[in-house]
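Inspection log for the structure reproduced underneath, given as structure tokens.
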Amino acid sequence: MATDKKVRVRFAPSPTGGLHLGGVRTVLYNYLFARQHGGDFILRIEDTDQTRFVPGAEEYIFQCLAWAGLEPDESVKQGGAYGPYRQSERKALYRQYAEQLVANGQAYYAFDTPEELEQMRQDFKTEQNPSPQYDHHVRDKMRNSLNLQKEDVDRLLQDNTRHVIRIKMPENETVGFNDMIRGDVSFNTSLVDDKVLLKADGMPTYHLAVVVDDYLMKISHAFRGEEWLPSAPVHILLWKYLYGEDHMPRWAHFPLILGPGGKLSKRDGAKYGFPVFAMNWTDPRTGELTEGFKEKGFLPEAFINLLAVLGWNDGTEQELFSLDELIQKFSMDRVHSSGAKFDYEKAKWYNHEWIKKLAPADLTQRVKEVLTAKGLSISDKAPLQKIVELVKDRITLLPDFYDQTVYFFKVPETIDITAVRPKWNEAKQLFFAELIRSYELMSAWDAAALENDFKEIAAASQLKPGEVMLPLRIMLVGGKFGPHVFDIAEILGKEETIQRIRHTLGLLI
RNA sequence: GCCGCGUUGGUCAAGGGGUUAAGACGCAUCCCUUUCACGGAUGAAUCACGGGUUCGAUUCCCGUACGCGGUACCA
């Protein structure tokens, strides 16, 4: 296996729907590996199944990568020297390789119809073998160029009879390779079926396409999810037959990201209330919307971070990593071989940490976008950054900023009056009347002075500060939440503060 | 069924022949805070099971169990 050539890796999604967690993590590990080695990261569109074409899915993938900050060096969009980057546009390339295999006796034409295949599965189905494969046990009982007379095959071909090309798996050979994560992995070829390489419509299957394209695009390292491990022997053999094992990329199969039960699916997300896709995805056929991490209120920095450590860690106690740090520290041999269950609680913690970690000005800008999108109009004069700094400790998801800051921009819609009424009395009524008088006379309007005044008046009124602190909070904020109440008052300003106290006082009479 | 890959607290996980088996999330209790958070403290694992190898296995080997993945003219 060539390890000295330039590092070129690829992510090859099929544009059939939303891009989920595992996909983005695969992108991320590819990206990190490429950046770390000064290599190229290629995005190739695997759209060989025309029946599964979904409009918009390809564009959506690009949007997700752009949001996550993991943009490819070569792709349909960026271009590059190894295009086209969409397999449907490479259709003409594949047939010759399949034919070459047939000519060498490593593959064969199969004319079986879908019905005949179904029949075969019925006929050979037993309790011991519930899903019969098209393999060396059955291939000589089927309609293919292995057992048809040559003239018949030629005639069928000439008549353009629908057919596929299947690989002829050798019997009882051991095919193995060294996985960068799992070490040596091997398979007995007798147990692998004769996978279709070229479909009846002339399109390659994944198996042929991945090998041909990886070769043509000079891919040095091929990374993908563990679900591909069982078909690896087919790919290894294809490499051996077509281009020589020496040219084969190094493989790594990433552990699966699991949901509460098995492979994480968008169903899990819907069921347990957490996003699975990177960004919102609306199925154009059903109109069904699946929520994404972006829209849920995740920072791309946090998303990247949590994905990176789902299956990898640097061996220290560090948990927060920026993209740049990941590029520095990532290493394939510290990637786990076992699957990891996705933990939404921890995912939210990462977001919370990143909200605290982001530069204030940067965070403020993003919060402004969220608030604006929620319909708040925020004047440029508003001390937004100060407000954001004040509340960010209690935020996990970006939209939380709305609830935690609306009262700075609008009079609270509801006042939780029931929280104060039971313990309300004349002494408190008088206290607030006095407080208003005092506040109106204040010249320096700052939190410390406000608190000082407040406490002095409380003492003079024979009240403990705590007894009137909560009512003040309710008056200004509307509920039992938010940062230090005098900090809020300071930002609200004299007029607004007094106005709100008066208003609630009126409600309490 | 068969094939493959896995198995350290509820979750993510460090460690890797001799350790009090890190740390984080979550949970519980407590402290701080006259709101909610932040912060701090404390608590919870016979390292799946059974055999080896060894003076000694969580760590190495072999089985078993369990989990997951695959078993399509889908990727």
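Note on naming: letters A, B, ... go to the chains in the order of the sequence lines (proteins, then strands), and numbering restarts at 1 for each one. Given the structure is predicted, the values throughout are model-derived calculations rather than measurements.
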Proximity to the side chain of F187(A) - top-ranked nucleotide from A72(B), C73(B), C3(B)
C3(B)
Is it true that the side chains of N147(A) and R139(A) contain a donor and an acceptor less than 3.5 Å apart?
no
K346(A) (side chain) and A24(B) (base): donor-acceptor pair under 3.5 Å:
yes
Output yes when at least one side-chain N/O atom of K195(A) is less than 4.0 Å from OP1 or OP2 of G70(B), else no.
no
Given L157(A), which of T161(A), V153(A), D159(A), N160(A) fulfils the side-chain contact (heavy atoms from CB on, under 4.5 Å) condition?
V153(A)
What nucleotide, of C68(B), A14(B), A75(B), holds the atom closest to the side chain of S14(A)?
A75(B)
Rounded to whole Å, the CG-P distance (L306(A) to G26(B)) equals 14 Å
Gap between atoms CG and C1', on D179(A) and C5(B) respectively (whole Å):
10 Å
Whole-Å C1' distance, G69(B) and A75(B):
14 Å
State which of C73(B), A13(B), C2(B) makes the closest approach to the side chain of L191(A).
C2(B)
Could you check whether R143(A) pairs with D112(A) (Lys NZ or Arg NE/NH1/NH2 to Asp/Glu carboxylate O, under 4.0 Å)?
no
When you measure from the side chain of H352(A), which nucleotide among G6(B), C38(B), C25(B) comes out closest?
C38(B)
Which whole number of Å gives the distance between the C1' atom of U7(B) and that of U59(B)?
14 Å
The Watson-Crick or G-U wobble partner of C66(B), with both key distances under 3.5 Å, is G6(B)
Measure from the side-chain heavy atoms of F481(A) and tell me the nearest of C5(B), U35(B), C38(B).
U35(B)
Among the nucleotides G26(B), G1(B), A75(B), whichever has the atom closest to the side chain of E345(A) is G26(B)
Can you tell me the pairing partner of G1(B) across any strand shown, Watson-Crick or G-U wobble, with both distances under 3.5 angstrom?
U71(B)
From C-beta outward on K263(A), which listed nucleotide comes closest to its side chain: C74(B), G69(B), A13(B)?
G69(B)
Atom NZ of K356(A) to atom P of G39(B): distance rounded to whole Å?
4 Å
Is it the case that H484(A) and E451(A) place a side-chain donor and acceptor less than 3.5 Å from each other?
yes
With ring pair (Phe, Tyr, Trp, His ring centres under 6.0 Å) as the test, pick out the partner of Y29(A) among F223(A), F330(A), W312(A).
F330(A)
Testing A24(B), G70(B), A72(B) for proximity to the side chain of R121(A), the answer is A72(B)
May I have the distance from E353(A) (atom CD) to G23(B) (atom C1'), rounded to whole angstrom?
14 Å
Counting only Watson-Crick or G-U wobble pairs whose two distances fall under 3.5 Å, which nucleotide matches U54(B)?
none
Between G43(B) and U34(B), how many Å separate the two C1' atoms, rounded to a whole number?
29 Å
U11(B) pairs with, by Watson-Crick or G-U criteria that keep both distances under 3.5 Å:
A24(B)
Between R86(A) and E58(A), does any NZ, NE, NH1 or NH2 come within less than 4.0 Å of an OD or OE carboxylate oxygen?
yes
Need the pair for A41(B). Rule: Watson-Crick or G-U wobble, both distances under 3.5 Å, any strand; none if unpaired.
U29(B)
Pick the closest RNA chain B nucleotide for N129(A) and for W349(A) by heavy atoms, then say which residue is nearer the 5' end.
N129(A)
Could you work out which one of C38(B), G6(B), U34(B) sits closest to the side chain of P465(A)?
U34(B)
For atom CD1 of I474(A) and atom C1' of U34(B), their distance in whole Å
13 Å
Could you give the CG-to-P distance, from L229(A) to C3(B), as a whole number of Å?
15 Å
Which residue lies more 5' along RNA chain B, comparing N188(A) with A200(A) via nearest heavy atoms
N188(A)
Whole-Å distance between C73(B) C1' and R162(A) CZ?
8 Å
Which one, G1(B), U35(B), A75(B), comes nearest to the side chain of E227(A)?
A75(B)
Sidechain N-carboxylate O distance under 4.0 Å for K346(A), E319(A)
yes
Can you check the L256(A) CG to G4(B) P distance for me, whole Å?
18 Å
